[in-house]
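Here's the structure, in structure tokens; my notes come after.
Chain naming here is simple, since letters A, B, ... match the order of the sequence lines and numbering starts at 1 in each. All of these numbers come straight from a predicted model, not from anything done at the bench.
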Number of protein chains: 2
Amino acid sequence: MTATDARTARPTGRPRPLPPLPTQAERVAELLRESLIDGVYPPGQRLSEERLCEEFGVSRNTLREAFRLLVRERLLVHQMHRGVFVGLPTSEDVCDLFKARRTLELPALRGAVDPGPDAVRLVGSAVDEGEAARERRDWWRMGTANMRFHQAVAELAGSARVNEFMSQVLAETRLVFHVMDAPREFHAPYLDWNRRIHTLLASGDPAGAAEELEAYLAASERQLLTAMEERA
Amino acid sequence: MTATDARTARPTGRPRPLPPLPTQAERVAELLRESLIDGVYPPGQRLSEERLCEEFGVSRNTLREAFRLLVRERLLVHQMHRGVFVGLPTSEDVCDLFKARRTLELPALRGAVDPGPDAVRLVGSAVDEGEAARERRDWWRMGTANMRFHQAVAELAGSARVNEFMSQVLAETRLVFHVMDAPREFHAPYLDWNRRIHTLLASGDPAGAAEELEAYLAASERQLLTAMEERA
DNA sequence: GATCGAAGTATCGTTCAACAATCCAACGAT
DNA sequence: ATCGTTGGATTGTTGAACGATACTTCGATC
């Protein structure tokens with residue numbers, strides 16, 4: 001390993017600015033969460049308490065409170081006396097994640113016989129944003145938009161708790177992309193599927209939309225699984 | 001208030017024995033979780049750090065790590081500089097919880113066209129246990145069995161993540177019972193419904209089972225809501 | 001040369017004590 | 001009765017300390 005790995009060696013002086021959230025622990029958790037989703041820390045890597053304390057400018061106790069939150073969200077895993085590591089999803093995890101997504105997204109779509117118009121609009125705007133980002137070749141924004149699309153689908157169920165669970169599932173799914181080191185344009189082909197799903201939904205055909213989504217999920221899962229097995 | 005409220009005043013000397021779990025914080029969280037589900041602490045009550053530190057025989061930092069976990073599970077709520085309080089679900093929370101349960105339980109049941117036989121057996125054993133407890137008038141065990149029944153239904157989906165989410169939702173639902181101070185035999189009438197659902201499921205009619213469960217959830221939700229509004 | 005075992009080191013797990021920030025209740029002035 | 005003010009209590013956060021555990025390094029033995 002070279003002297004300065006851009007990821008592991010970040011003793012670069014001043015603490016990062018923390019977003020304005022209630023407590024320090026939550027601020028740190030939020031910042032770490034974003035970094036994990038963005039792939040700043042590669043899956044499987046150990047996160048040193050000492051280093052991150054300095055990086056965020058908080059004490060060990062506070063950092064550990066943040067760790068607890070992210071461990072519960074499965075973005076980090078905790079090993080006794082060894083520390084916390086970035087989650088390293090396996091093929092089994094991928095299967096489980098997609099099972100969860102099917103239970104959440106498909107019924108939400110099927111049950112949207114009389115959805116609130118703003119809920120559907122939220123789905124549509126995610127599709128629009130994705131397509132706009134694709135034209136700009138802004139792959140990062142495109143990935144985010146795709147995530148927002150599925151989040152909006154789950155929100156058709158109208159339950160805050162389901163929304164939160166869905167967002168956790170999606171965050172963990174992002175870890176999978178980093179495991180297989182997917183190119184940023186990975187999601188591009190799926191945008192057309194999103195468009196189709198939204199069109200069916202908006203035209204009052206939730207069953208058809210669900211059918212499309214089912215095919216989408218099957219294809220996406222298969223692609224992820226094969227990509228992961230190639231890498232192993 | 002009398003001199004010794006069995007709930008609020010528990011400065012009774014020695015720390016409680018802690019179950020054998022990986023870390024202290026998780027042990028404390030597990031113990032607290034059980035206490036909350038059992039209604040040891042009434043909803044809305046503030047949990048003093050100082051007192052619980054002594055009760056569990058751990059330091060404030062460790063206790064706070066446990067708090068974070070339970071706050072994320074919505075069993076506790078956290079108010080800045082005021083402390084943590086036992087969750088106090090509102091009518092809206094009840095609606096949300098039942099929306100979540102519909103999203104989880106109904107598709108799990110409907111999708112159980114070819115369920116693993118052990119998964120179905122788990123549902124059945126929960127029904128048996130509930131009925132046995134009812135005959136014994138063991139209301140506490142009956143409530144637990146009812147919870148296990150719905151957990152087993154959700155497990156038909158076959159996703160560990162869904163299972164965990166479901167168990168959180170059920171734990172929070174238990175808080176609702178304590179809010180309305182439901183009598184322990186509250187669940188008794190629902191056992192017959194459980195039996196019916198399991199019979200339909202075992203006889204290869206998941207759609208019928210789902211229909212029954214839908215009626216069950218509607219009835220249960222309505223009863224809870226009216227009971228809560230009476231109390232307010 | 002490989003395997004196994006034994007110090008040594010680094011890191012985590014947990015506690016403790018301290019201080020600042022904030023809330024709350026009691027009090028007094030208008 | 002309403003509104004500041006004040007003082008006490010509790011939380012938020014830090015820093016240091018020490019035992020416990022895992023990893024590493026280094027020999028010793030086969």
Regarding the side chain of B:Asn61, the nearest nucleotide among C:dT15, C:dT22, C:dG13 is C:dT15
Separation of D:dT14 atom P from A:Leu63 atom CG, nearest Å, is 10 Å
Checklist line | Donor-acceptor contact below 3.5 Å, side chain B:Gln79 vs main chain B:Val84 | finding: no
task: Decide if atom CD of A:Glu92 counts as having more than 12 heavy atoms of other residues, nucleotides or ligands within a radius under 6.0 Å.
output: no
Can you find a side chain N or O atom of A:Thr62 that sits less than 4.0 Å from OP1 or OP2 on D:dG12? no
Exercise. So B:Tyr216 and B:His150, would you call those rings parallel, tilted or perpendicular, with 30° and 60° as cut-offs?
Worked result: perpendicular
When rounded to whole Å, the CZ to C1' distance for the pair A:Phe85 and D:dA22 reads 10 Å
Here the distance between atom P of C:dT11 and atom CG of A:Leu52, to the nearest Å, is 13 Å
Testing C:dT14, D:dT10, C:dC12 for proximity to the side chain of B:Gln24, the answer is C:dT14
Here the distance between atom P of D:dT14 and atom CZ of B:Arg64, to the nearest Å, is 10 Å
A:Gln79 CD to C:dT11 P, in whole Å, measures 16 Å
Closest to the side chain of B:Glu50, out of D:dT10, C:dC12, D:dT14, is D:dT10
When rounded to whole Å, the CD to P distance for the pair A:Glu26 and D:dT13 reads 9 Å
- Task: Please confirm whether A:Arg174 makes a cation-pi placement over A:Phe177, using NZ or CZ under 6.0 Å from the six-membered ring centre and within 45° of the ring normal.
- Result: no
Is there a donor and acceptor pair closer than 3.5 Å between the side chain of B:Arg60 and the base of D:dG12? yes
Rounded to whole Å, CZ of B:Arg68 lies from P of D:dG12 at a distance of 7 Å
With the side chain defined as heavy atoms from C-beta on, A:Ser59 is closest, among D:dG12, C:dC12, D:dT14, to D:dT14
Atom CZ of A:Arg51 and atom C1' of C:dC12 are separated, to the nearest Å, by 15 Å
Examine D:dC23: is either OP1 or OP2 under 4.0 Å from a nitrogen or oxygen in the side chain of A:Arg82? Give yes or no. yes
Query raised in the report: Crowded around A:Arg141 CZ? As in, over 12 foreign heavy atoms under 6.0 Å?
Result: no
Note to self: For a quick test of reading the model: is some side-chain N or O of B:His81 closer than 4.0 Å to OP1 or OP2 of C:dC24?
What the structure shows: no
